[in-house]
Amino acid sequence: MTIRNLDSLFWPKALVVVGSHRTPEVLAHKMLQGIIDSGFTGSITTVGLAPSLLPQEHADRFKFAKSVRELPHPVDLLVYMGDKESAADVISAAGEHGARGALFPSSGFDDWEPQDLQRVLNAAKPFNLRVLGPGSLGMAAPHAGFAALLTSDQPLKGDLALISRSGTIFNATMAWARSSSIGFSGVASLGRRADVDVSDLLDWFAQDYRTRAILVHFETIENPRKFLSAARAAARSKPVVVIRSGASRDRKSSGHTHAARLATQDAVYDAALQRAGVLRVDDIGEMFEAVETISRVKPPEGKRLSIIANGRTLATIAADRLKAAGGQLATINEESREKLTRLTRIDAHAANPVVLRENASPEEFKEGIDTLLADKNCDGVLAIAAPTAFVDFTQIAEAIAKAGKDHMKGYGKKRALIATLACGNTLPRAALDEAKVPCYASPSEAIASFMHLIRYREVKELLMSAPENIAADFTPNLRLARQSVQGALLEKQRWLTPLQTRDLLRAYGIPQVPLHLAATIEEAVIAAQDFLKDYTQVALKISSPDLIFKSDVGGVVLGLETGEAVHKAADQMLTRLKAQHPTARITGIEIQPMIVRQNGVELYVGIADDPVFGPAVVFGKGGTSVEIVGDRAIDLAPLDMNLARALIERTETAKLLKGFRSRPAVKTDEIARLLVKLSQIAIDFPEIRELDLNPVVADADGLIALDARVAVQPPHQRPGRQGASRMAITPYPKEWELRDNLKDGSPIFIRPLRPEDQGALLEFFKHVTQEDMRLRFFSPIKEFNQPFLARLVQLDYARAMAFGAFRPDTGEMLGVVRIHANPDHTEGEYAVMVQSGMKGQGLGWLLMRLMIRYAKADGIDIIKGEVLRENSTMLEMCRSLGFNIKRSLDDDALTIVTLDTHADNSL
C-alpha cells in the first residue's frame, strides 16, 4: 500500500476513541482534549473510557458506545488506546463500521511482540485499513481542522509537512515551528511503522497542493526501492529535507574489499538521499535552518551572494564562511557600486561585502538591500544587522522585511533574501516572519541556509539534465563475463581468479595491464622474460583467495628487470608467506609489466554491496593508502554519464584531474565511462558483491587498471525488490526491448525511454502537426522547454514506463507511448503519439499493445486515459483493444477510456 485510505487518517468526518481500564488517564485526557482543541467538528464516540476522562467543558461533544460493534453510525478513524489482547478484534469491528484508518498513539506498546502487531495487520487487511503506529504521537491536518496529537501545542496552518520516526524530534520541531510562527499542512509521528511508513506519507504530501515542503526524520529504511521512488517523486515537485539519526548504530561492513570498507552504511544513505533529490541535514539545528529557508525562499539560479552589514567583522565572518562552504561572493556591477558609495563607511569601498555606516538608518539599510537585489550579478543577498546605540533595531528588521516584500512584487528574476539579526536569542523578527524572510542569529547560520538552497538546486538540476548515450558505442560481451562469474560460482569460489577477473574486465572494455598467472616459479620467469622484451620492468604478485590485500602481507614486488630477479623474489615471497600464513591457499604467481605514466593520477573505483540499498559505486584517490586518505564519493547504481561526472566532482581528487603547472588535464570523461561500466556490471551480475580496481592510473591519454579483485556470491532477494535484484533504483528494463515491422515492411525498434533520449524526443515533436498536438495535449503547444522534456524521459521505472519507437538505422524517434501508475500501483494513466506522417502504418497499434502487456506484467489493474471526443481515430483503436468508453462527467468534450487488464478481452 501507499496512499490508499490515508484520507481517513488526515481528513476524518467521524471517529471512535477506544480505551480500557488500563489506559493511562493522562494519555486519554490529552488525546481527547487535543481533538477538541484542533477544531474538529465531526462525530466523536468513545468506547471503554470513563466519563471522568473527558474534557468536562466539552462533554456534550462526545457520544458513548459499549463496544465498537455497537457503534450507532459509521466511522472513518479509530484511535486505539486499549490493550494488545483486544486490538485485532477492535480493528475488525471498526473496519466493518467503515473505518479505513487507525491511530495507535504512544504509551503501552513497548511490550508488544511482533506477533501482536501481525494480528492487528491481519485484521486490517480485508478492509485496506491503514495503521499509524503503534507508539505514534499522532497526526494532524490543520487545514482540515483536525488533530489527534500527544503534543503540547496544536500546529498552525501552513505549507510545511512533517514526518518523523522520533518522538523527540517531532516534539522539538512542533515547538520550534510554533515559536517561529511556521505552520503545517500536515504532521505525522510514525512510531514503530507497522503499516504506514515514510514512503507512504511522502507520496501523500507530494500530491497535497497545500504542502510546499516536506520535512522527514528516519533512522532506517525497510523498503529502499519504495522509499527512493516516493522521495524522488516528491522532490521533483517540492523541497524535501531529511535528517537521519542512528549512524552510530549502523552495523559495520563484513566485506573484504576497499569498496566495502569505504562505503559505510551512512555514506550510502547519504548517496541515496542525494540521488533522490532530497536535502539531507545533520542535526536538529541545521534542520530548522534548512526548513526555514527552503519553506520561504525559492532556490536561486547560482551561488553568487551579496553581503550587506552595519559591521565589518560580521560581514567578514559571513564572507569567510561563504568561501569555506563553496559559495561565491557576487561581483557588484558599476551601476550598483555608484548607488552604494554614499551608504558605506568612509574607510570602506562599495564592494562585496558592503559595509554600511555604524549609524546607518533603516531607510539606508533598505536602499542598500534594494540596490543589491536589483543587481544582475547577484543570486542572493544576506543582510546582517547588529544593534547600535544610534538606531532602533526593530526598525532595521522592519526595513529588511520591507525590502523583501517589495522585491517579491511584480515580475522578473527573484533573488533570495536572508537576514541575520545578531542580537542574541530574542530576535525582533515578527516583521521578517510576516514577509517570509528567513532570519538567523549568526552569519554562519545564514550562510549555511543559503548553501542549503544551492545544494537543493544543484541536486534538482542533476536530476533534470540530459546525459549522452554511452550505450551507443558500448556493448559488453555478456557471454565472456558470464563464463567468468558462473565458473567461479560452480567451483564455490568466493573470489574470481586473476584470469576470471581479467576476462570480466575485458568483457566490459575496461583497459587493464596484461597479466600472466604462473603456476610455478619457473613459469613466472618465462612469462617475465617475455614481457621484458617490450617493457623495462615487471611486477610480481601473489595470487591467493585468502590474502586479498597483497601489499599488506608483502605479496607484491615491483621493478624487477630480469628473469633472475623474478626467480629470487618469487622464491623469497613464497617461503615467507608459507611461514607467516601457513593455511593460506596459494594459487599462483601473477606477472605483469610495469606501466609507467609520468603524469598519471592513481585512482580507486569499486563496487560495494550495501545491506539496504544494494550495489553502490565508489570513486576516489587510489593507492595503498586508499582507506587512510578516505577521499571517496559514493553513488547508487545505475549511473549515467552525468551522475558519474558528478560523482567524480564530489572528491578532492577531482582537482588533480583538472591538471596543474606542467601536468595536463586527465580525460575525466574516460573515468566517467569507467564508472558507468562498473554500474552496468552491478546491474548485469547481481552475483558480483564487491569489486576493487586499485589503482587505476589516468592521464591525458586515457586510463588503465593495474590491479583488480572481485568477490562473488549467489544473489538473494532484497525487501521490496523482485527476484534476485539487489537494485534499490529500478534499472533500465532491457527485457522490454522489441523489434518488429510496420505495415510497409520497414523495421522498427521499440524500447523503454532513457534520459539521453531528450534530444530525440524534441526532434520527434517537430514532426507532429499542431492539430495532432492539440488532440494529445488538449491545447496547441508551440515550444517544449528543457524541464518538460526531462520529465518525459527521466523515468522512475518503479512507477512509470514510456516506450519509444525508433528507426534502427538512424535512431529517429517515430512514436511514443507512456503509462504512469498511481502511488498504489493499481491504476495507470496512458498517452500515445506518433509522427503525423506515420499514421496508417500500425505504429500506434504496436505501441498500445506493448503498453497493455507491460501494464499486465507490472500488476497494474486498470489502464485509464482521457481522449477528446473528436479524436475518432484514437477512440476506435481503444474500442478495438477492449477499452470501455464513457463520456466524462466533468468535461463534455472529453471521453474517459478504461481497460481492466484482468478482463478476458484484454491482451
Side-chain angles (χ1 to χ4, degrees), residues 158-159 180-183 212-213 292-311 314-315 318 329-344 350-357 359-388 391-423 427-440 443 446-447 449-450 453-454 457:
D159 55 12
S180 302
S181 300
I182 289 179
R212 184 171 179 271
E292 178 163 358
T293 307
I294 289 181
S295 65
R296 296 182 173 187
V297 180
K298 290 184 178 180
E301 295 180 2
K303 56 179 69 174
R304 302 168 302 175
L305 182 68
S306 293
I307 301 171
I308 183 170
N310 63 352
L314 289 176
L329 280 173
T331 301
I332 301 174
N333 65 33
E334 191 60 36
E335 181 182 353
S336 299
R337 289 166 66 94
E338 291 178 3
K339 293 180 180 179
L340 293 168
T341 298
R342 68 179 189 81
L343 303 176
T344 58
N352 195 9
V354 177
V355 182
L356 300 174
R357 292 188 296 271
N359 61 345
S361 67
E363 294 75 19
E364 291 174 321
F365 229 116
K366 181 178 181 302
E367 183 181 348
I369 296 171
D370 290 342
T371 301
L372 293 175
L373 287 173
D375 194 320
K376 294 181 179 180
N377 293 340
C378 163
D379 298 307
V381 174
L382 170 58
I384 306 174
T388 74
V391 183
D392 186 306
F393 197 52
T394 300
Q395 291 182 6
I396 292 180
E398 292 172 350
I400 298 173
K402 181 67 165 56
K405 272 188 174 182
D406 291 348
H407 180 61
M408 295 308 296
K409 295 177 182 177
Y411 302 97
K413 178 181 176 181
K414 303 303 179 187
R415 295 168 177 83
L417 175 60
I418 301 170
T420 292
L421 301 181
C423 59
L427 308 183
R429 55 181 299 158
L432 292 165
D433 289 335
E434 194 272 332
K436 298 190 180 301
V437 175
C439 178
Y440 301 95
I447 292 297
S449 72
F450 178 73
L453 291 171
I454 302 305
R457 175 186 56 78

Visitor: For Ile307, does its backbone N or O pair with a side-chain atom of Asn352 as donor and acceptor, under 3.5 Å?
Guide: yes

Visitor: When rounded to the nearest 0.5 angstrom, what is the spacing between CZ in Arg337 and CG in Asp375?
Guide: 10.5 Å

Visitor: Show the nearest heavy-atom pair for residues Ala431 and Ala401, with the distance to one decimal.
Guide: O-CB, 3.4 Å

Visitor: Do the side chains of Ile332 and Leu340 get nearer than 4.5 Å, heavy atoms only?
Guide: yes

Visitor: So, do Asp406 and Lys366 sit near enough that their side-chain heavy atoms are less than 4.5 Å apart?
Guide: yes

Visitor: Just how far is it from atom OG of Ser306 to atom CG of Leu417, taken to the nearest 0.5 Å?
Guide: 11.0 Å

Visitor: Could you measure the distance from the CZ atom of Arg304 to the CD1 atom of Ile454? Nearest 0.5 Å is fine.
Guide: 10.5 Å

Visitor: Nearest heavy-atom pair of Ala397 and Pro428: which atoms, and what distance?
Guide: CB-O, 3.3 Å

Visitor: Does any non-hydrogen side-chain atom of Lys376 lie less than 4.5 Å from one of Arg415?
Guide: yes

Visitor: Testing the basics here: between Ala399 and Pro362, what is the closest heavy-atom pair and its distance to 0.1 Å?
Guide: CB-O, 3.3 Å

Visitor: Looking at OG1 of Thr344 and CG of Asn310, how far apart are the two atoms once the value is rounded to the nearest 0.5 Å?
Guide: 13.5 Å

Visitor: Of all heavy-atom pairs between Ala446 and Tyr440, which one has the smallest distance, and what is that distance?
Guide: CA-CD1, 3.7 Å

Visitor: Does the pair Met408 and Lys436 meet the rule for a side chain to side chain contact (heavy atoms under 4.5 Å, CB included), with working shown?
Guide: CA-CA 10 Å; Met408 295 308 296; Lys436 298 190 180 301; over 6 Å; no

Visitor: Just wondering, do Ile308 and Leu372 contact through their side chains at under 4.5 Å, heavy atoms?
Guide: yes

Visitor: Tell me the closest heavy-atom pair linking Phe365 and Ala383, and the distance in Å.
Guide: CE2-CB, 4.4 Å

Visitor: For residues Pro300 and Leu453, determine if any side-chain heavy atom of one lies less than 4.5 Å from a side-chain heavy atom of the other.
Guide: yes

Visitor: Quick one: are Ile447 and Leu305 in side-chain contact, heavy atoms under 4.5 Å?
Guide: yes

Visitor: Closer than 4.0 angstrom, basic N to acidic O: yes or no for Glu367 and Lys339?
Guide: no

Visitor: Output the distance between atom NZ (Lys298) and atom CZ (Arg457), rounded to the nearest 0.5 Å.
Guide: 15.0 Å

Visitor: Between Ala403 and Asp370, what is the shortest heavy-atom contact and its length?
Guide: CB-OD1, 3.6 Å

Visitor: What's the verdict on side chain to side chain contact (heavy atoms under 4.5 Å, CB included) for His407 and Ile369, showing C-alpha distance, side-chain angles and the deciding distance?
Guide: CA-CA 10 Å; His407 180 61; Ile369 296 171; over 6 Å; no

Visitor: Do Ser361 and Val391 come close enough that some side-chain heavy atom pair is under 4.5 Å?
Guide: no

Visitor: Between CG of Asp379 and CD of Glu301, what distance do you get to the nearest 0.5 Å?
Guide: 7.0 Å

Visitor: Can you tell if the side chain of Thr388 reaches within under 4.5 Å of the side chain of Ile396, non-hydrogen atoms only?
Guide: no

Visitor: Could you check whether any side-chain N or O of Arg212 sits under 3.5 Å from a backbone N or O of Ile294, counting only pairs where one atom can act as donor and the other as acceptor?
Guide: yes

Visitor: Testing Leu382, Val297, Ile418 one by one against Ser449 for a side chain to side chain contact (heavy atoms under 4.5 Å, CB included), which residue passes?
Guide: Ile418

